[in-house]
S.K.: 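Below are the structure tokens for one structure; questions will follow.
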Amino acid sequence: MMVLLPSLLLILACLSGSFGHEDLEKKVFVFPAANKKAAVELKASIPDPVTNFTVCMRFSSLQAKYYILFSYSTKPNSKAFQIIKPNPSQINLQIGGMTQIIVTRKVLTSEWQHICVAWNSTSGVVYFWHNGELLPRFVMKPGYKIGQNGTIFLGHNQDSWGKRESFVGEMADVNMWLRVLKPDEINLVKKNNEVPNSLVSWKALNYTVWGDVRVEEGLHQVS
């Protein structure tokens with residue numbers, strides 16, 4: 001029985017994903033193929049309803065079609081908060097079932113992009129930065145509270161697990177705060193400088209890799 005135990009633990013680890021808790025500065029997640037079960041799950045404790053947040057990330061994709069960048073799902077609402085890229089010149093933001101289409105500057109499909117999205121529950125005002133540029137603000141779900149104890153996925157949605165193909169490309173510098181960052185803080189984040197009190201920090205990331213997603217050295221330039 002003692003001989004079989006290490007092998008059993010190894011099998012269980014493979015079935016449940018690859019775990020990590022580390023500083024990923026100058027590293028990236030590589031999603032190498034359109035796998036229906038390839039994703040990265042981020043571990044974060046969210047015991048209270050979310051009333052304010054800022055999410056920032058950097059990505060480069062080989063896809064010109066629909067894919068999910070960031071998904072926060074709760075048991076009553078699998079689409080509590082999502083960042084979706086339906087095509088090269090558009091990003092869809094979903095909060096509590098409401099969708100807002102954001103038209104961005106068109107870039108090459110494989111070009112690295114940096115985005116930050118921030119939402120204030122009281123006013124419903126949304127701030128969206130694309131490659132450092134603040135786009136016109138808009139309003140979504142004023143007074144709404146996003147549920148607690150949710151699950152965060154990169155490159156996939158828990159609701160479409162095993163159905164929709166995942167993001168293909170590279171992803172890096174994923175950070176999240178439970179407040180609306182100021183413009184000068186967004187500039188710091190874009191340059192990969194530290195902004196304190198983050199819920200999710202790329203420099204201390206607690207995550208589980210599913211499918212064929214790999215952690216590799218980043219070869220892109222940060223500006």
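On a predicted model such as this, the values are computed, not experimentally measured, just so you know. The first residue of the sequence shown is numbered 1, and numbering continues consecutively from there.
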S.K.: Answer yes if the side chains of His220 and Glu170 hold a donor-acceptor pair under 3.5 Å, and no otherwise.
M.R.: no
S.K.: Would Asn92 and Gln90 count as having a side-chain donor-acceptor pair, cut-off 3.5 Å?
M.R.: yes
S.K.: Please lay out, stage by stage, how Glu194 and Lys203 fare under the test salt bridge (Lys or Arg N to Asp or Glu O under 4.0 Å).
M.R.: CA-CA 9 Å; Glu194 191 75 23; Lys203 296 182 179 180; 3.8 Å; yes
S.K.: Take Glu111 and Arg105, measure what salt bridge (Lys or Arg N to Asp or Glu O under 4.0 Å) needs, and give me the verdict at the end.
M.R.: CA-CA 12 Å; Glu111 182 179 337; Arg105 177 179 64 85; 3.8 Å; yes
S.K.: Which word best sums up how the rings of Phe53 and Trp119 line up, parallel for under 30°, tilted for 30 to 60°, or perpendicular for over 60°?
M.R.: tilted
S.K.: Classify the ring geometry of Phe70 against Phe81: parallel below 30°, tilted from 30° to 60°, perpendicular beyond 60°.
M.R.: tilted
S.K.: With no hydrogens and no angle check, is any side-chain donor or acceptor of Gln100 less than 3.5 Å from a backbone partner on Leu93?
M.R.: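 It does not hold such a pair.
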S.K.: Just checking Phe29 against Trp202, ring centres under 6.0 Å apart?
M.R.: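 Ring centroids of Phe29 and Trp202 are less than 6.0 Å from each other.
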S.K.: I'd like to know if Lys43 and Glu41 make a salt bridge, using a cut-off of under 4.0 Å between side-chain N and carboxylate O.
M.R.: yes
S.K.: Does a side chain donor of either Gln94 or Thr99 reach within less than 3.5 Å of an acceptor in the other side chain?
M.R.: yes
S.K.: Between Lys26 and Glu216, is there a side-chain N and carboxylate O pair less than 4.0 Å apart?
M.R.: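 Salt bridge: no.
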S.K.: Can a donor-acceptor pair be found, under 3.5 Å and without considering hydrogens, that links the side chain of Ser73 to the backbone of Ser78?
M.R.: yes
S.K.: Taking atom types as modelled and ignoring hydrogens, do the side chains of Thr74 and Asn77 form a donor-acceptor contact shorter than 3.5 angstrom?
M.R.: no
S.K.: Can you establish whether the number of heavy atoms outside Asn197 located under 6.0 Å from its atom CG is more than 12?
M.R.: no
